[in-house]
Amino acid sequence: MSVMINPRIDASTPVIVQGMTGRAGRLHTRLMREYGTNVVAGVSRRMETQEVDGVPIFATCEDAVKATGARTSIAFVGAFQLLDAMREAVSAGVSYLVTPTEGMPVHDGMKARELTLKAGATWIGASTPGMAVPGAAKLGFLPNDALRPGPLGLMSKSGTLSYEAGYRVAQRGVGQSVWVGVGGDPVKGLRYADLVPFYASDEQTRALLIIGEIGGHEEEEFAAQLKAQAFTKPVFALIAGSSAPEGVTMGHAGALVHGAHGSYASKAAALKSAGVEVFSTLEEMERVVCGVCKGRE
Amino acid sequence: MYLLEHDAKELMAQAGIAVPAGCLIEDPEQIPEGLPPGPWVVKAQVTAGGRGKAGLIRKASTREEISSLSTQMWGATIKGRTVNAIRVEQQVADASESYIALMVDGAAGAVRIIMAAEGGVDIESLPPEKIRTRVVPAEARALNAAVVELAASWKGAPRAALRSAGERLAAMFLAREVMLAEINPLFVRSDGSWVAGDAKVVTDENALERQPDIKALLERRAHAYPEADVKRVHGFDYVVVDPDGDIGLLTTGAGLSMMLVDELRQQGLKPYNFLDIRTGGMRGDPARLVSVLEWLAEGRSIKVLLINIFAGITELGEFSKLLVTALERVPQLRVPVVARLVGNGLPAAAPVLEVAGIRLHTDLDAAVQEVRAVLEGSK
């Protein structure tokens, strides 16, 4: 059995930002720091500047790791540059990577997956809004309006739908323990099933919500994992795409249905058989999740 | 992107995979002179499975039969997709039907290779012991070794054909960075020679900029893939989900937009489109909004426009100004506008929308209620 993956960070976790001098890198570094994230270094191959807002810039990940001891990185680089940036980070000793970049080619995704598995590194992404431990720190750009410390573990493929879901329950006083946007790509780092052991053991998590969508097999894998380890906390799922036509990509490359494979019906059936309460509307999700979480406070 | 069989076969032929001689009909009144020698198979081109069972793959032995079958198939719909192209190709005689596919396996983060010496179109009903599978890294040596090993599960003609077709398909899978490449049936003759009876390829749009041949093919065939063409040309996703829909949607985020379409339909409402406009990509220019509003103006039944934006990063004040500008530039879309905005910069958005006479909601359910009221009032 492999070591349990623990995505938790806190306000002291040192973080490197790859691509920090770019437009997105600068913006999100500022927003993450305002939220409480301990950004200790930036990496920019071109080294246009020595520092950004007081954070030192290094030419390579290796230099940044040596100077700061950080083992966590978030990369704001282009889709065709992402695989190389990940190789650089892993070989420098980074063991926790978050990659918000959208549009990573799937074949690059397969190589990145092999790379991180072999190195024993945790990878969140690509196409992820990131992760957050509300009230402590975040890696990426989950919107502050939706973040609130609380008992609900949250995992999502979609960014926007999870913002809406998180916001609605937060408005009613139910916050999140650890929120991980696993992203909507077909090949990626962490998948729902990988984090089931973590949420089972995490004491601050009292219930678990996944925001899923049609396509792929991830919800089905998640259901199988819940059964395999007899997960005892309440689990909820909101699944988008029940009315999507077959063979049409609805925004996410992963959200493509071929026949019964990856359809709403197959996901709902698998999840229900694992004891998950499945919702097809936000309003229903909000009402039931808030009711259960408040009852367990 | 799921390619039509005709285009998938062109891609396969480029990779040295034998396909039956054939041509594409894009007007049922005009059967081309340059048909390959008959007899033929007439095949409706739609990106959905189950064509054979739906009567959309038929045999023909005269030009007249091709013509009448094409006319019959034209405009038929299967799983929501409409037939507006037909491939006519040579029949393959005296062959058995094998199966081979390579696909990205998301859970493994690797390539799954599947082979069967029999089965053909009924692969799903074959007993598991007749199907051979390996999952290997996306790398040439590993794929080839797996192809050789799997093909060796059989003897004689199927072994030779599956190995030879498999090696070429694997090379194409890697070189073109596709997500799925399937030949079903693979026609195998008794001497081990073979030809791809059907071809299914799903390309990776994310790799398009470094796949010039696929890019060229999609540009040439843009009219056959309207949704992918929007993405390629405009950089965002737009799909008409119901040509008779009366609610135009102006939304961002794939998941939230899909969910909104689902919820409206569950409530008995009729959304016209799916849209992930990606507000982050607008960069202060209303062009994207103008394009979308122009497309929505083509919706013959649209009676109301519903805007739903959850702004994590987008500045809603700026977005609202762009929206008002865009609405002024598309006067042909004369319908009430209902906006639901939440997030960054909301206070700045409120006065901008108020001046333009647009009701602003922060609660999505309340916005949908107003949409319903507009629709009922317009009856």
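Numbers restart at 1 for each chain; the letters A, B, ... are given by sequence-line order, proteins then strands. Only this structure's heavy atoms are used, side chains among them; waters, hydrogens and symmetry mates stay out.
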Most contacts with chain A, counted as non-hydrogen pairs under 4.5 angstrom, among L208(B), N344(B), L174(B): L174(B)
Tell me, out of Q171(A), E218(A), R168(A), K188(A), who's got the most heavy-atom pairs with chain B below 4.5 Å. R168(A)
Is NZ or CZ of R288(B) both nearer than 6.0 Å to the six-membered ring centre of F236(B) and within 45° of the ring axis? no
Using the side chain to side chain contact (heavy atoms under 4.5 Å, CB included) rule, pick out the option among V201(B), I113(B), V178(B) that qualifies with F173(B). V178(B)
Rounded to the nearest 0.5 Å, what's the gap from CD on Q369(B) to CG on D363(B)? Could you check? 10.0 Å
How far does CE of M258(B) sit from CG of L275(B), to the nearest 0.5 angstrom? 13.0 Å
Is there a donor-acceptor contact under 3.5 Å from the side chain of R210(B) to the main chain of F80(A)? no
Between CG on residue L260(B) and CG on residue N308(B), distance to nearest 0.5 Å: 5.5 Å
From S162(A) atom OG to Y167(A) atom OH, the distance as rounded to the nearest 0.5 Å: 14.5 Å
Exactly one of L180(B), L11(B), I214(B), V202(B) should register a side chain to side chain contact (heavy atoms under 4.5 Å, CB included) with L3(B). Which one does? L11(B)
Contacting region of E102(A) [heavy-atom separation from chain B under 4.5 Å]: side chain
Highest number of heavy-atom pairs under 4.5 Å with chain B among D108(A), T281(A), I239(A), L27(A) belongs to T281(A)
Given a strict heavy-atom distance threshold of 4.5 Å, which part of Q266(B) is in contact with chain A: side chain, backbone, both, or neither? side chain
Close aromatic pair by centroid cut-off 6.0 Å: H28(A) and Y35(A): no
Less than 4.0 angstrom from a charged side-chain N to a carboxylate O is my criterion; do E5(B) and K200(B) meet it? no
Within residues 112-127 of chain A, residues adjacent to chain B where the heavy-atom gap is under 4.5 Å: R113(A), E114(A)
Measure E209(B) against the heavy atoms of chain A and call it side chain, backbone, both or neither at under 4.5 Å. both
Tell me whether R87(A) is salt-bridged to D84(A), with the criterion being a basic N under 4.0 Å from an acidic carboxylate O. yes
With a 4.5 angstrom heavy-atom cut-off, is it the side chain or the backbone of A110(B) that approaches chain A, or both, or neither? backbone
Interface moiety of I211(A) toward chain B, non-hydrogen atoms closer than 4.5 Å: neither
Less than 4.5 Å to any heavy atom of chain B: does that hold for the side chain of L142(A), its backbone, both, or neither? neither
Can you say whether V46(B) sits under 4.5 Å from chain A via the side chain, the backbone, both, or neither, judging by heavy atoms? neither
